[in-house]
Amino acid sequence: KIGVIAKRSGFRAYLVGGIVRDIVMKRKNLDIDIIVEGDAIELVKKYAKENNYRYYYFEEFMTAQVTLPSGLKIDFATARKEIYEYPGAYPKVRKASIKEDLYRRDFTINTLAIEITEDNFGTLIDFFNGLRDIKDKVIRILHQLSFIEDPVRILRAVRFAGRFGFKIGKMTERLLKLAVDENLLLVAPTGRVNTELSYSFNEEKATEIIYLMNRYKILHQLIPEFVFDDKREEVINRLRDMIVTFEIFFGHKVDRVANYLLALMYHLPLDISYQFLERYHFSNGKQLFKLFFSVKGRFRKIPEKNSELYMIIKNIKKDVLVFLCSYLPAEISERIIYILKKEEERKLLITGNDLKELGLKPSPLFKEILDEIFLKYLDGEIKNRR
Ligand code: ATP
């Protein structure tokens with residue numbers, strides 16, 4: 001339908017970006033991006049009006065978005081060139097051909113397009129050997145100045161490499177190292193660095209991406225005094241498993257960004273960490289640091305009894321517990337997980353109703369009785385017969 005209107009208007013339309021890469025790689029992706037050779041806003045107005053769809057557009061950026069009745073959003077942009085006035089700057093845009101539009105992209109694997117214009121619907125377009133690089137599992141930039149033009153691509157390169165398990169091409173790797181040596185990341189807009197790091201820590205392969213960041217000294221560049229040693233590696237690997245544990249057993253949506261930041265930096269002087277977190281706008285991260293350091297001292301001496309350990313962790317937020325369980329000795333974190341599981345089952349143990357059935361009159365004492373029973377249960381002094 002879009003292709004028919006494009007043809008009629010004398011435009012050409014293409015599906016581009018991550019979705020084409022993911023179709024080729026047989027991965028799920030619901031972000032639909034369409035590039036229009038011609039005028040995306042004009043095309044969207046016709047398309048949306050004919051179908052009675054909601055839409056809006058940004059004249060200045062030559063982009064538009066349509067929302068289908070299902071809620072699915074489709075992004076449109078006029079094919080453009082981007083002109084960067086300094087490394088990392090938000091670029092100026094000019095109309096251009098699809099080839100020029102694809103040339104400004106970050107990596108060859110992201111340059112594939114599928115034409116959807118009516119007379120050429122379904123044709124795969126591959127100007128820059130994206131297909132070959134997907135097959136060879138390699139991340140490659142399109143031209144020598146790519147990282148200089150936009151240093152945020154340094155972060156994107158390791159993110160895609162980690163996510164897909166791809167290598168970074170030889171020349172690309174050389175230029176990436178050079179860009180890191182030149183401290184280019186430090187001139188990138190801090191908001192964009194925040195976005196990329198957040199995406200990375202939310203990736204399923206976050207730990208692999210962190211290893212790549214370490215290998216290319218990216219973290220060392222962003223965080224002065226950063227050290228990555230065996231301890232860091234251990235904590236990060238345990239954190240990865242803890243995130244799964246908390247999400248599956250306790251249905252807790254873990255703040256992965258804040259937790260990975262803490263795992264990477266808890267051993268540094270606090271002012272260094274805070275400086276980084278503030279510069280890159282990680283306010284949740286900073287919050288988690290504060291909470292962690294406010295309870296850290298409680299674990300210097302771990303009590304023998306589970307009921308006493310329970311009293312220590314009782315009021316600690318889940319996200320802090322996620323990190324504590326990655327950082328404390330394994331046998332302690334196993335006990336904490338055990339206690340949290342028991343706490344989940346607590347309602348199955350005994351409730352206020354059970355006390356009523358025993359003929360007791362409801363009173364504030366109920367809570368104390370139930371708490372007491374739970375503590376004894378934790379220490380194995382009471383068994384659950386249900
Ligand atoms: P994801 O699967 O993470 O959404 P994506 O490839 O869709 O990956 P986006 O960040 O949504 O990535 O970007 C969409 C497209 O825009 C990418 O495929 C890429 O070609 C291009 N792009 C994004 N950021 C840059 C950049 N900094 N430099 C060049 N091209 C970029």
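Positions are given from 1, in the same order as the sequence printed here. Atoms within a ligand are numbered from 1 in the order they appear, just like the ligands themselves.
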Any heavy atom of Phe160 under 4.0 Å from ligand 1? The part involved is side chain

Under 4.0 Å between heavy atoms, the region of Arg192 that gets near ligand 1 turns out to be side chain

Would you say the side-chain atoms of Ser9 pair up with the backbone N or O of Ile5, donor to acceptor, closer than 3.5 Å?
yes

I'd like to check whether Asp106 has a polar contact with ligand 1, where a contact means an N/O of the residue lying under 3.5 Å from an N/O of the ligand.
yes

Per-atom filter on ligand 1: closer than 4.0 angstrom to a heavy atom of Arg105 are 15 (C), 16 (O), 20 (O), 21 (C), 29 (C), 30 (N)

task: Could you tell me whether the side chain of Thr123 reaches within less than 4.5 Å of the side chain of Asn120, counting heavy atoms only?
output: yes

Treating Asp126 as the side-chain partner and Asn129 as the backbone partner, does any N or O pair qualify as donor plus acceptor under 3.5 Å?
yes

Near Gly17 (heavy-atom distance under 4.0 Å), the atoms of ligand 1 are 18 (O)

Note: Arg153, heavy atoms under 4.0 Å from ligand 1, region reported as side chain

Problem set entry | Geometric N/O contact Arg21 with ligand 1, under 3.5 angstrom | yes

Restricting to heavy atoms, the pick from Glu149, Arg156, Arg27 nearest atom 13 (O) of ligand 1 would be Arg156

Under a 3.5 Å distance rule, please check whether Asp106 uses its side chain to pair with a backbone N or O of Arg153 as donor and acceptor.
no

Near Gly18 (heavy-atom distance under 4.0 Å), the atoms of ligand 1 are 6 (O), 7 (O), 18 (O)

Under 4.0 Å between heavy atoms, the region of Asn110 that gets near ligand 1 turns out to be both

Practice problem: With Lys341 as the cation and Phe249 as the aromatic partner, state whether NZ or CZ is under 6.0 Å from the six-membered ring centre and within 45° of the axis. | Solution: yes

Under 4.0 Å between heavy atoms, the region of Arg163 that gets near ligand 1 turns out to be side chain

* So, does Asp150 sit close enough to ligand 1 that a heavy atom of it is under 4.0 Å from the ligand? -> yes

Next on the checklist: For the backbone of Val254 and the side chain of Glu247, can you confirm whether one donor and one acceptor N or O come within less than 3.5 Å of each other?
Outcome noted: yes

_NZ or CZ of Lys45 within 45° of Tyr57 ring axis and under 6.0 Å_ = yes

> Does the Asp101 side chain pair with the main chain of Arg80, one donor and one acceptor, at a distance under 3.5 Å?
Replying inline: yes

